[in-house]
There are 2 protein chains.
Amino acid sequence: MTIAEHRGELADAVLRPVRGHHAFESCVERLATSIRLGIYADGSTLPPERDLADRIGVSRATLREAIAALREAGLVTTRRGRGGGTVVTFRPGEPGSAPTLARPRAELLDALDFRRIVEPGAAWAAADQDLTVAQDEMLRTALEQVSTASTKALHRQADSLLHLAIASVTGSPLLIDAVTNVQMCLHDMLDAIPVLDRNIDHSRRQHVAVVEAILAGDAAKARRTMESHCDDTAALLRGLM
Amino acid sequence: MTIAEHRGELADAVLRPVRGHHAFESCVERLATSIRLGIYADGSTLPPERDLADRIGVSRATLREAIAALREAGLVTTRRGRGGGTVVTFRPGEPGSAPTLARPRAELLDALDFRRIVEPGAAWAAADQDLTVAQDEMLRTALEQVSTASTKALHRQADSLLHLAIASVTGSPLLIDAVTNVQMCLHDMLDAIPVLDRNIDHSRRQHVAVVEAILAGDAAKARRTMESHCDDTAALLRGLM
DNA sequence: CCGATAAGGTTCGAAACCAGACCTTATGGG
DNA sequence: CCCATAAGGTCTGGTTTCGAACCTTATCGG
């Protein structure tokens, strides 16, 4: 009786596709998500192509094709010359407007489960460390944006940014990456269903509680509260899909 | 006062390399890790090249180059003809034998932090679901292998396999992937430091407690225990690096 | 007003990667 | 014994990606 009998199942764990798509596709997805999540807001200018290509880890040629795709899709416009660049021209639409889900259902449901682990973990890690003044301020600002968002679409953007901000202050690249990917999936789902005012209000209260716990350094409470938040969001999404 | 002021930090979250290395390198790493972690034990045969290439999501040509690299490194040998294939010829060395760390220190330390979140999460998720008979048996077997390993090297392999087994029974691809990557980093670190008998004994007790909690369906306890385990391992590694 | 400069636009060869067809070898079953 | 078969080994054409140099445009500062 050895573990070898179960090797097949373990092999599944490590013998998985080494990279999802082509560089070009991944590149488009990254940029489109950055824009749709509001990291690059309407009217703001993307970094120069050479910088972007370096940071995304892709050749400039590939990056340019990706930008061309975004331009095609109407998300950005590009101007030449000094002071030019690629500027965002995108205003988020109301939830429920997306006709169909971009990804397979199973992948989205998996993202919900994974989120239940990493986002509370991020809240815990964020609370369990000394925040710089800038980080403290970023969290407060992100929270305020969520509370004062005037439309559902803007609220959804601010929501994503708050979650990213929490992951960001942990300073852990792996954790930041995990939360970013999860938020991308979440965004696709939220685009496909209508959201009620009372849901927004409920999550707003949870956001306040999470940020308060983080700022107070109460790691256990931050995690617990974030767990409730994830559970509630997940229940809502699972019910409507 | 808007979130845009902090956009730079958030941009860091999403503007990261879209794929770490070339397909070839990632492929070598995956396979080498599978072998060194003991998923493919000494003497066992790898799946046929065509199957492997499909599962790793890489062309057969690229896979073959990766296998050639493994052969060069003495990890496998290859025989042609029917009934042939690529068989593993690798016996794990004692810890402390690796002269240098394969990855940058920061990456390894980050992996420890990330592990503190995902592995307890995996234990929680594993306990919080109905296990099939096969899964139940896999966990018991993996635990037994850890307890009865005759050498430190074998113990380290069995340790990794147990953690992978726990992640595996959750059935969540994202979680499995996260734990797999973390275990790869951990393996590199454990290769570089000497391990004491009393450390092994301590972690053995923790493994037993975690698996018991999972089998009993006590999610909270499974997570708590795994957290302690991760904390202890991390403290040991951080102290010796 | 005009040139240094900071951006995007273009081109080209090299390398990696892929998909598929085909060849070679050795074994195991009839 | 022998051949169908399951493996690894080889070749080829085509696509993607890269890297790096070079061109073009438009602004900002002196």
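Every chain is numbered from 1 and lettered A, B, ... according to where its sequence line falls, protein lines coming before strand lines. We use all heavy atoms of the structure for the numbers below, so side chains are in, but hydrogens, waters and symmetry mates are not.
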- prompt: Any chance the side chains of B:Asp110 and A:Ser172 put a donor and an acceptor closer than 3.5 Å?
  reply: yes

message: Checking B:Thr180 now: which residues fulfil side chain to side chain contact (heavy atoms under 4.5 Å, CB included) with it, not counting sequence neighbours?
response: A:Ala13, A:Val14, B:Leu164, B:Ile176, B:Met184

- prompt: Rounded to the nearest Å, what distance is computed from the CZ atom of residue A:Arg80 to the C1' atom of nucleotide C:dT5?
  reply: 15 Å

Neighbour count above 12 (heavy atom, 6.0 Å) for B:Arg91 CZ: no

- prompt: Which residue lies toward the 5' end of DNA chain D, A:Phe24 or A:Arg60, if each is placed at its nearest nucleotide?
  reply: A:Phe24

- prompt: Roughly how many Å is it from CD in B:Glu49 to C1' in C:dC22, rounded to a whole number?
  reply: 15 Å

- prompt: Can you find a side-chain donor-acceptor pair between B:Arg71 and B:Thr78 that sits under 3.5 Å?
  reply: yes

message: Please encode protein proximity along nucleotides 1-6 of chain D as a string of B, S and -, counting only heavy-atom distances under 4.0 Å.
response: ----BB

Gap between atoms NE2 and P, on B:His22 and C:dA16 respectively (whole Å): 7 Å

message: Among residues 61-79 of chain A, which ones have heavy-atom contacts with DNA chain C below 4.0 Å?
response: A:Arg64, A:Thr78, A:Arg79

query: Under the salt bridge (Lys or Arg N to Asp or Glu O under 4.0 Å) test, which residues partner A:Arg115, sequence neighbours left out?
result: A:Glu119

message: Can you measure A:Arg50 atom CZ to D:dC18 atom C1' for me and round it to whole angstrom units?
response: 15 Å

- request: Only counting residues at least two apart or in another chain, list the ones meeting side chain to side chain contact (heavy atoms under 4.5 Å, CB included) with B:Leu131.
  value: B:Gln129, B:Gln135, B:Leu139, B:Val169, B:Ile214, B:Leu215

message: Rounded to whole Å, how long is the line connecting atom CG of A:Leu52 with atom P of C:dG9?
response: 13 Å

- request: Using a 4.5 Å cut-off on heavy atoms from C-beta on, say whether the side chain of B:His187 contacts that of B:Thr33.
  value: no

- request: With sequence neighbours left out, write down each residue that passes ring pair (Phe, Tyr, Trp, His ring centres under 6.0 Å) with B:His207, or none if nothing qualifies.
  value: B:His163, B:His229

